[in-house]
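Contents: one structure, followed by commentary.
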Amino acid sequence: MNKIVRRFIAGTLTLGLAALSITGCGSAKNGTESAQAGESKKVYRTLDEIKESGTINIGVFSDKNPFGYVDENGEYQGYDVYLAERLGKDLGVEINYVSTEAASRVEYLETGKVDIVLANFTVTEERAEKVDFALPYMNVALGVVSHDDNVIEDLSQITADDQVIVISGTTAETYLEKEYPDIKLQKFDTYATAKTAFENGTGVAWANDNTEVIAYAKENAGYVVGIPSLGSQDTIAPAVSKGNSSLLDWINGEIESLGKENFFHADYEATLIDTYGADYEETLVVEGGKVE
Amino acid sequence: MEEILSVQNLCKKYDELVVLDGIDLSIKKGEVVVIVGPSGCGKSTFLRCLNGLEDIQDGKVIHDGEVINPCSGKLNKVREKIGMVFQSYELFPHKTVLQNMLLAPLKVKKADKKQSEKEALELLDRVGLLSKKNNYPRQLSGGQKQRVAIMRALMMQPDILLLDEITAALDPEMVREVLDVVISLAKEGRTMVIVTHEMSFARAVADRMIFFDEGRIVEEGSPEEFFVHPKTERLQKFLQSFSYAR
Amino acid sequence: MDTEVILSYLPRYIEAFFLTIRIGFIGIGISLVLGVIVAFLIHFRIPVLGKIAGVYIELFRNTPLLVQLFFLYFGLPKIGISIPANVCGALGLGLLGGSYMAEGFRSGLDSVPASQTESALALGMTRKQLFINVILPEAFALSVPATVANVIFLLKETSVFSAISLMDLMFTAKDLIGLYYNTTEALCMLVAFYIIMLVPVSVIGNIVEKKVRFKMLGA
Amino acid sequence: MGFEVLFKGNNLIRLFEGLLAALRISFISVIISIFCGLIVGTLMTQENRVIRVITRGYLEFIRIMPQMVLLFIVYFGTTKALGINMSAETSSIIVFSLWGTAEMADLVRGALTSIPAIQYESSYSLGLTSAQTYVYVIIPQIIRRMLPLSINLITRMIKTTSLVMMIGIVEVLKVGQQIIEANRKSSPNAAFGVFATIFFLYFIVCWPISLLSKYLEKKWEN
């Protein structure tokens, strides 16, 4: 019998070791949170430090067309990147793009590995606790597209065993999790897989930014945007590390001055127009950080 | 002849099991001592205590004025002077015969490569295995491997050579090849302590015979006394177990 | 480390835990059956089937599960076969696992000493009796350590299930972090649930290894 | 079917660059793992119980811990806790080396225990120290047995490097997703062509490696 006991001890030993690591990584995080709040240990780079260093690290998506993606020549393109290029030019520094994932956006800021995140980052209260959002530069509302033989015009139509397809880390997911927790969601981590699953009919509907679903219905026959706009208007804004006020203020000033030259409309026309068409320009673009 | 190795009141125990119960033995330079006895009498363990492969619970083994202590760091220095060849004739499988021979002299004695190589080739020639110098152990027979193992031990010019039942795992015709080598070493005046079951060989090569039983030396003597007029009854019974009559 | 957050995440982790276990062990079951068959085909060099088994092993050992799952879940419907995500996950795991288990069993079969086979034949046993009573048990005993390592490896491979929308442990953590950014809590719970899932497997694996080795080989 | 996307611009080159990133991390990590694995594996066979329990605990811990968590701890955790700002590639090499060392140590332990005690004893009785015994007699023998298995470790490592996209490294799978996304409108079904190519790329890299390990296994089997 003592063999079993010894084995059990070895097992609990590993548990102990692992628990050690948890408290280890736990304390590491707590350490910084309290420090962050106490401003004692600065993780981020201030505006001047960025200028001195000559380069700015900007976290963007590399696989979210048309907001942040990489074209066939390996260049970063998209609505977010267009703004990033301008911020870099006005700051007079080189831009170093960092490819981020939805789940790592905040970690990058909390460790100062990027200075700004421009990755289709929807403003929510939870996220505002972790990072500081600058003025918004785009509106986003949700939409739901469904097959034309079973058009979903109201979320109440969705029965218990129906599934709604969403992409993990998007505003649609956050909204449905909070407002309609009992709707069963089928979550995918990329646009391509979500789209293919929807076409294969594994979900009755697909909830995403309304611009996405409208563009999708326009390009593909057999699909109708039953719900063109869902829930309140959310906004997308640049984010910086918590407490990095020097950089935050500069960005806000920059967004306001860009508003005067109608920059964001130009950005829309340069990057989004061929996907979403002209008639969405007004509803989508937030010019100069002012939301109507 | 001057004493080269002295064993004083050697005791060896595995927890409660007593394997060697107070052995006293003195070995002279150039002497060939052969140890025989029933299996499990502790003769092989005794040999392994001499070069520190086994730790000892009591008593001392003194070589060249130095006490052999298995836990001391300098053990490998002692082992340079006490060579040993085992029953399973395992050579280093990933090295050729010649490399097997040269490893210890070059790495331990830091000897000159050319000189050691010349010596190795001489030794191999002596046992008729010169042609096999670049072969791998797997290409050799048991008897050939054992002869190389003996020569490998000799490369270190040990003061004493311990042979632990080196023919036990060999086919009959190979036993002859190996024992002829040992006899030639004895003629040269090599000091050797040999544990074996080959009685006729023991009689031919030994200067002194020792009979071990249940961890003690029961009888000791020259080959004639030992084989022709055994004194103790236990030795007589042991010797009879080797003769057959219809 | 905010316990209120942990409590709110708990139900999702528990659900994901059972999904991972359920699909994981079905997949492992498939991989065991497949592994034995493939190892048998290769070891005894059955014509044609043996070759196909060899290709199968090389194909599935040298490509990532994520890509295999992609074709199973998204490719097949394009040619009319649509499989629900959990079946697809178990099948993908089974196919990948089968190639690893086959390698483990094959090395087990190879290391059964020839003397065992000869002595059994010498006793007049037929080839079938020989295989079932001598070779299989001994090969199984020899391959237990590899099999245990494969089980742990496969349970961790479930972390690619997010590609086909299966809410396994890893996807739950990534999803929660993406939503609320409580990274510490999400990751620590992920580690805790992996421990609860894998430590027993490792401990039981060691016990089985010791028991089987002792019973079979007496050493 | 989506293959045409690959020939636009330097997509194909980017895929190869992504593959190169994955290979570089795997190869460096494997070399470190072989070296450290030998040491940790040897420690695992020492009589000293404390060393054995620690190394055993390390092995179980790394085997159970999901690699993504390790990546987060090493890449983000170290900056938060100690203020060190490590590059993504260094962090991933550290994590994959930690994992590789654990797997390698287990292989070494298995190989060491299968070497008959006589090899150690005949080496000691020739006067070689235990260090010399390990370096000249034991390790050369287990290397022959271990190298094929450690080569298998390379293929397993290459296949799991896709995780590093979580800390910003653009490897082959990430490049694939970028290409699919970038051509979302122009070729909606690009995913199949791209994933088929990635499937092929992984295969032509990993298959020869596993063939090499089988060849070595046969050659040194005697």
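Protein chains get the first letters and strands the later ones, always in sequence-line order, with residue 1 at the start of each.
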Report which part of A:E101 has an atom under 4.5 Å of a heavy atom belonging to chain C: side chain, backbone, both, or neither.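 No part of it gets close to chain C.
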
Heavy-atom proximity to chain C below 4.5 Å, by part of A:T202: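 The answer is the side chain of A:T202.
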
Quick check for you: to the nearest 0.5 Å, what is the distance between A:N200 atom CG and C:K78 atom NZ?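 It comes to 4.5 Å.
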
How long is the span from the OH atom in C:Y73 to the OG1 atom in A:T193, to the nearest 0.5 Å?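 With rounding to 0.5 Å, OH (C:Y73) is 9.5 Å from OG1 (A:T193).
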
Under the side-chain contact (heavy atoms from CB on, under 4.5 Å) criterion, do A:K130 and C:N182 qualify, and how do the steps go? CA-CA 9 Å; A:K130 305 274 178 177; C:N182 293 315; 3.3 Å; yes

May I ask you to name which of A:E173, A:E126, A:E129 has the most heavy-atom pairs under 4.5 Å with chain C?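 Among the listed options, the one with the most contacts to chain C is A:E173.
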
For chain C, the option from A:T174, A:T122, A:D189 that forms the most heavy-atom pairs under 4.5 Å: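 That would be A:D189.
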
Counting only heavy atoms from other residues, nucleotides and ligands, does the tally under 6.0 Å from CD of C:E15 exceed 12?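 At most 12 heavy atoms, drawn from other residues, nucleotides or ligands, come within 6.0 Å of this atom.
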
Modelled atom types, side-chain donor and acceptor of C:Y180 and A:R127, under 3.5 Å: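 No, A:R127 and C:Y180 have no side-chain donor paired with an acceptor closer than 3.5 Å.
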
With under 30° as parallel and over 60° as perpendicular, where do the rings of A:F188 and C:F74 fit, or are they tilted in between?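 If you compare the ring of A:F188 with that of C:F74, the planes turn out tilted.
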
Any chance you could lay out the side-chain contact (heavy atoms from CB on, under 4.5 Å) test for A:R105 and C:Y181, step after step, and finish with the verdict? CA-CA 9 Å; A:R105 284 179 291 195; C:Y181 287 102; 3.0 Å; yes

If contact means a heavy atom pair closer than 4.5 Å, which residues of residues 147-177 of chain C contact chain A?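 Only C:S162, C:A163, C:I164, C:S165, C:M167, C:F171, C:K174, C:D175, C:I177 of residues 147-177 of chain C have a heavy atom under 4.5 Å from chain A.
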
